[in-house]
There are 2 protein chains.
Amino acid sequence: MSHFDIQTRDPSSRARTGTLKLAHGEVRTPAFVPLATKAVVKTLEVREAAELGFDMVLGNTFHLFLTPGHELIAQLGGLHRFMGWKRPVITDSGGFQVFSMGHGTVADEIKGRAAQAASAGERAGAILKIEEEGVTFRSYLDGSTQFMGPETSMEVQAALGSDIALVFDECTPFHGGREYTARSTERTHRWLDRCLDWHAQSGPEGQIVYGIVQGGVEEDLRRWSAQEVAARKVDGIAIGGTLGEHKDQMFEVVDWALQELDEARPRHLLGIGEIDDLVRGVELGIDTFDCAMPTRIGRHGMAVVPDPGHRWRVDLAKARYRTVDEPLLEGCPCPACAHGYSRAYLHYLLKAREQTAQRLLTIHNLAYLQRLMAELREAIDAGRLAETAAAIRGGAFY
Amino acid sequence: MSHFDIQTRDPSSRARTGTLKLAHGEVRTPAFVPLATKAVVKTLEVREAAELGFDMVLGNTFHLFLTPGHELIAQLGGLHRFMGWKRPVITDSGGFQVFSMGHGTVADEIKGRAAQAASAGERAGAILKIEEEGVTFRSYLDGSTQFMGPETSMEVQAALGSDIALVFDECTPFHGGREYTARSTERTHRWLDRCLDWHAQSGPEGQIVYGIVQGGVEEDLRRWSAQEVAARKVDGIAIGGTLGEHKDQMFEVVDWALQELDEARPRHLLGIGEIDDLVRGVELGIDTFDCAMPTRIGRHGMAVVPDPGHRWRVDLAKARYRTVDEPLLEGCPCPACAHGYSRAYLHYLLKAREQTAQRLLTIHNLAYLQRLMAELREAIDAGRLAETAAAIRGGAFY
């Protein structure tokens, strides 16, 4: 049985709408997937993501493995019950987090996931050994020595009971060089087979598995990795790793990978979620995205606004907002804006270090992304994606 | 016109139910008043206090005077609009906060308000001079020299636009001695007159004023202060200052004051909100209470539970809750408990320093106090306060 139905194909691009049919329900695509990295959408209850209209959240294998531990979560009824979320969950494999400890600052170059990693504190951890078997590392929590390999990652994700498990991969550094990237990508393919073997034997009922395309930023390696992953019996395909130094390179790299994939299976783009990137990813045929952006910038006092000239964001901590008696975003229907808080109030709360500010901005940012994705889905279904994409890029979408 | 209607008097005690009729609506009494000290109920939106059933919140003159400033709040439409709250607001005068900087650690002895003061950071400030005119102090925010006297306090409260203003008082230290307490209380009475004079001239339409009884812990001084305050044209009377070292002394002191007051005007007990204290205060005829307890202990990982043997609280950060698959409080109808989070999940969130834990506990604690006060009101109206009070004291109220 297929886990993914394609509904409408856009005539002007490779965009499509569809439905992921997962153990805990359906996900309308293209979709943005908010992070519930540590079994919570930071500053919110996870269930509030459903109130905002999201169908799926992303949990993190690495963090939950370290604390509170997958055994405990399993004992407490699995990740869904633990965090009070009834809809689908996708779990990242932990590969990115494990390797971002070792590849350190290079991670800064890849898709902004570094700030997420740094704020989570992984930098205090360290990779001790990368071997064929897996990775030995020092926990950022207590300095203990830990091991994670393909089987460990799948075992953790099985215990968590996610709807979609991602295979364990090495997220290669941008400056690793062709030689290292080729060897690493080849090992990632061997790990992919081990993940699929483990899952075939021991995977939980109803959980599906996505492979991850690596291969760095060189065309032949990236295409080769996409072919290798597509050749396996994976239920979907995620594109991960180093995608380049700037957006044009990033989408060139993503496009190489997508050209090697069949149409039928769903595609996830890991760690990408800027407004313009979402539009471009949808046009290229990406079905789901996850990114720390909306939640992370919210915690740093920033709100998503339709302002392409300022990266679609406004920094409310700036002194100029101290006296501004205007709403965060005029006409915005989100629960935070609906109550009419002024920019001056949000500025004040941020300066007073009141958590409520971070919460309100997180709600606004997630709501904006949810509306954006709903608008893109509607546009594809209505055959007017080109106009909608142009309007969003022009800052006309609220 | 009277601002306070008494509805039912309990035959077995001095408890009464009533209604405060204020500029922004009615307050059913006896009532607990959550703190919105800095124009926010910490970890929540202020409006959520209404969803929890509260009629009034308390804002703080001292903090809002320092930041963002009462002029700015007035310019932005007043405190209600600034923080998105449509119901009544009572503002503390700032006296407690100003003097807790100078009287320092003695504040620890008075009613737990010290922890509130400390967490707000006032200790970094300092009193520079106490004079007949008022108090000169150093701001805890930026070290600047600031002045607050009776007129300043009333002016700030006028600009904030609260429904009930409290007069500016000196909160005398427990170890100040009889001589100091007598002189200080006499000055507080002179400040009361100045507050009332200012308000008669310049107070905003619809704002009513409560006097504050001081007088320390000696019977004659406390009774004298109550008589002096009661003799003024105040709309209500708050009991403040040092109330003693232990609960029996505290309520003896409160009782002396109450015995000197007329029945007609509403009485507020400042900074008191432990479960057993609320019951006892209600029995003595207190109409409204404010206290940092429910919000503060929530932020410190504690939940209010019907457990008189452990001060009606449970510390979820304790290791013993790591694996406990039970709700915070079985059968509790509060929005946090209704979603079924386990103690293990709350423990985990606290350990992971996720704000969501503090928010959930704050919601639970406030909801508990709101239900408790509603139960007390219902019991008084039904003529069964004695049974209800006994049940609450016995830990039978959920």
Side-chain angles (χ1 to χ4, degrees), chain A residues 36-48 63-64 66-69 71-73 75-77 79 81-86 120-121 141 299 321-327 335-349 351-360 362-363, chain B residues 36-48 63-64 66-69 71-73 75-77 79 81-86 120-121 141 299 321-327 335-336 338-360 362-363:
Chain A
T37 307
K38 298 183 175 187
V40 66
V41 176
K42 283 180 181 295
T43 77
L44 309 186
E45 294 168 63
V46 186
R47 66 171 187 83
E48 293 181 284
H63 291 293
L64 297 172
L66 292 179
T67 179
E71 296 97 338
L72 178 60
I73 291 177
Q75 183 188 319
L76 295 166
L79 183 57
R81 194 178 147 222
F82 184 60
M83 65 188 188
W85 173 256
K86 294 180 168 65
L141 281 179
R299 295 198 306 285
Y321 297 113
R322 206 181 78 85
T323 60
V324 175
D325 192 13
E326 289 166 17
C337 288
H339 292 291
Y341 303 113
S342 62
R343 290 187 171 201
Y345 182 60
L346 292 164
H347 171 84
Y348 160 73
L349 289 180
K351 288 296 166 187
R353 296 177 185 279
E354 292 289 347
Q355 297 181 7
T356 302
Q358 302 184 309
R359 180 179 154 78
L360 288 170
T362 299
I363 288 172
Chain B
T37 307
K38 298 183 176 187
V40 66
V41 177
K42 283 181 181 293
T43 79
L44 309 186
E45 293 168 65
V46 186
R47 67 171 186 82
E48 294 182 284
H63 291 293
L64 297 172
L66 292 179
T67 179
E71 295 98 339
L72 178 60
I73 291 178
Q75 184 188 319
L76 294 167
L79 183 57
R81 194 178 146 220
F82 183 60
M83 65 188 187
W85 173 255
K86 296 181 167 62
L141 281 180
R299 293 198 308 284
Y321 297 113
R322 205 181 79 84
T323 60
V324 175
D325 192 13
E326 287 165 19
H339 293 291
Y341 303 113
S342 63
R343 290 188 170 201
Y345 182 60
L346 292 164
H347 171 84
Y348 159 73
L349 289 180
L350 287 166
K351 288 296 165 185
R353 297 176 184 280
E354 292 288 348
Q355 298 180 8
T356 303
Q358 301 184 309
R359 178 177 155 80
L360 288 170
T362 299
I363 288 172

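Lettering follows sequence order; numbering is per chain, from 1.
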Turns out that what part of L349(A) lies under 4.5 Å from chain B's heavy atoms comes down to side chain
Residues R47(A) and G84(A): closest non-hydrogen pair is CB-O, 3.7 Å
Give me the ring orientation class for F82(B) and Y345(A): parallel if the planes are under 30° apart, tilted from 30 to 60°, perpendicular past 60°. perpendicular
Between the CD atom in Q355(A) and the OG1 atom in T362(A), the distance rounded to the nearest 0.5 Å is 11.0 Å
Contacts satisfying salt bridge (Lys or Arg N to Asp or Glu O under 4.0 Å) that involve residues 340-353 of chain B (not counting sequence neighbours) are none
So, the part of L360(B) with a heavy atom under 4.5 Å from chain A: the answer is side chain
Applying side chain to side chain contact (heavy atoms under 4.5 Å, CB included) to Q75(A) and not counting sequence neighbours gives L72(A), T323(B)
Interface check, chain A: of A39(B), A357(B), A336(B), S342(B), most non-hydrogen pairs under 4.5 Å belong to A39(B)
The interface call for R81(B) against chain A, heavy-atom contacts under 4.5 Å, is side chain
I want to check something: taking the side chain as every heavy atom from C-beta on, are T43(B) and R299(B) in contact at a cut-off of under 4.5 Å?
yes
The interface call for E45(A) against chain B, heavy-atom contacts under 4.5 Å, is both
When the 4.5 angstrom heavy-atom criterion is applied to L346(B) and chain A, the contacting part is neither
Turns out that what part of I73(A) lies under 4.5 Å from chain B's heavy atoms comes down to neither
So, the part of L64(A) with a heavy atom under 4.5 Å from chain B: the answer is side chain
